[in-house]
Amino acid sequence: MALATFGAGCFWGVEYFFKRVEGVSRATCGYMGGNDQATSYQEVKTGTTGHAEVVQVEFDPERVSYDSLLQVFWQNHNPTSLNMQGGDIGTQYRSTIFFHDKEQKAQAEASKLALARSGKWGQRQLVTEIVPLQQFHEAEEYHQDYLDKNNLPSCHLSY
């Protein structure tokens, strides 16, 4: 199994999409990229800890490629929207890829460049960060599978 970590707004919607990918065995909501002393939703939601809401994806690279996961990431949020997705506003909702190794970094950078060149977003700049993995803090249990537990549709818009 391999890991990938993505931030694309509210982690409920990000988790929702990745859980439905064939070859993904687990998608876990959590926090990454900030002050490691602050690790609760109550702290992170203030937008002052530096964390992003992320989903850590455990996947079988024999069944799904990292490039395929990147496509899911790019298709399910607006990478031109700085520190917000839809009505969720703050640095905790930023578009970010936390790479686990040099290969993931190279693939993420190549996919971002390809998307920028595709013209899908016109002249708008892709603001997605591609940064090294940091400590992952698993979100509280009530955040895991939130949409499924509450019989809600995804809170993300497909782009």
Determine whether [X] and [Y] make a side-chain contact, defined as any pair of heavy atoms from C-beta on separated by less than 4.5 Å.
{"X": "Thr28", "Y": "Phe136", "answer": "yes"}
{"X": "Phe73", "Y": "Thr128", "answer": "yes"}
{"X": "Met1", "Y": "Arg26", "answer": "no"}
{"X": "Lys112", "Y": "Trp74", "answer": "yes"}
{"X": "Pro79", "Y": "Leu115", "answer": "yes"}
{"X": "Glu53", "Y": "Tyr41", "answer": "yes"}
{"X": "Pro132", "Y": "Phe99", "answer": "yes"}
{"X": "Phe6", "Y": "Val72", "answer": "no"}

Side chain of [X], backbone of [Y]: donor and acceptor closer than 3.5 Å?
{"X": "Gln92", "Y": "Thr46", "result": "no"}
{"X": "Gln104", "Y": "Leu3", "result": "yes"}
{"X": "Arg94", "Y": "Thr91", "result": "yes"}

(message) Can you tell me if Lys102 has over 12 outside heavy atoms packed within less than 6.0 Å of its NZ?
(response)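 Atom NZ in Lys102 is not crowded, with 12 or fewer foreign heavy atoms closer than 6.0 Å.
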
(message) Would you say NZ of Lys105 has more than 12 non-hydrogen atoms from neighbouring residues, nucleotides or ligands within 6.0 angstrom?
(response)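 Incorrect, the count does not exceed 12.
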
Interatomic distance, [X] atom [atom1] to [Y] atom [atom2] [nearest 0.5 angstrom]:
{"X": "Thr5", "Y": "Met32", "atom1": "OG1", "atom2": "CE", "value": "4.5 Å"}
{"X": "Ser95", "Y": "Ile130", "atom1": "OG", "atom2": "CD1", "value": "9.0 Å"}
{"X": "Tyr142", "Y": "Cys29", "atom1": "OH", "atom2": "SG", "value": "11.0 Å"}
{"X": "Gln56", "Y": "Leu133", "atom1": "CD", "atom2": "CG", "value": "7.0 Å"}
{"X": "Trp12", "Y": "Lys149", "atom1": "CH2", "atom2": "NZ", "value": "11.0 Å"}
{"X": "Thr80", "Y": "Gln123", "atom1": "OG1", "atom2": "CD", "value": "12.0 Å"}

(request) For Ala2, check side-chain contact (heavy atoms from CB on, under 4.5 Å) against everything at least two apart and list the hits. (result)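 Ala2 satisfies side-chain contact (heavy atoms from CB on, under 4.5 Å) with Phe59, Pro61 only.
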
(request) Please identify each residue that fulfils side-chain contact (heavy atoms from CB on, under 4.5 Å) with Gln125, with sequence neighbours left out. (result)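 If we apply the side-chain contact (heavy atoms from CB on, under 4.5 Å) test to Gln125, skipping adjacent residues, there are no hits.
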
(request) Can you tell me which residue pairs pass the salt bridge (Lys or Arg N to Asp or Glu O under 4.0 Å) test with a partner in residues 54-74, sequence neighbours excluded? (result)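 Checked against salt bridge (Lys or Arg N to Asp or Glu O under 4.0 Å) - neighbours excluded - the pairs reaching residues 54-74 are Glu22-Arg63.
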
Where do [X] and [Y] come nearest, in terms of heavy atoms and distance?
{"X": "Ala27", "Y": "Val55", "answer": "CB-CG1, 3.8 Å"}
{"X": "Gly33", "Y": "Phe98", "answer": "CA-CZ, 3.9 Å"}
{"X": "Ser111", "Y": "Leu70", "answer": "OG-CD1, 3.6 Å"}
{"X": "Val21", "Y": "Phe17", "answer": "CG2-O, 3.6 Å"}
{"X": "Ala52", "Y": "Thr96", "answer": "CB-CG2, 4.1 Å"}

(request) Check whether NZ of the Lys or CZ of the Arg Arg20 lies under 6.0 Å from the centre of the six-membered ring of Tyr16 and within 45 degrees of that ring's axis. (result)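 Judged by the rule, Arg20 and Tyr16 form a cation-pi pair.
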
(message) Let me check something: do Val54 and Val57 share a hydrophobic cluster, defined by ILVMFWY side-chain heavy atoms less than 4.5 Å apart, either directly or through other members?
(response)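 Different clusters.
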
(message) Under 4.5 Å between side-chain heavy atoms, counting indirect links through other Ile/Leu/Val/Met/Phe/Trp/Tyr residues: same cluster for Val44 and Met84 or not?
(response)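 In one cluster with Val44: Met84, no.
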
(request) Show your working on side-chain contact (heavy atoms from CB on, under 4.5 Å) between Glu138 and Gln144 and close with a plain yes or no. (result) CA-CA 9 Å; Glu138 189 169 326; Gln144 309 304 329; 3.8 Å; yes

(request) For Asn78 and Gln85, run side-chain contact (heavy atoms from CB on, under 4.5 Å): C-alpha distance rounded to whole Å, both residues' side-chain angles, the deciding distance at 0.1 Å, then the answer. (result) CA-CA 7 Å; Asn78 181 343; Gln85 290 296 312; 3.7 Å; yes

(request) Kindly indicate, with the supporting measurements, whether the criterion side-chain contact (heavy atoms from CB on, under 4.5 Å) is fulfilled by His143 and Tyr31. (result) CA-CA 11 Å; His143 288 297; Tyr31 317 108; 3.8 Å; yes

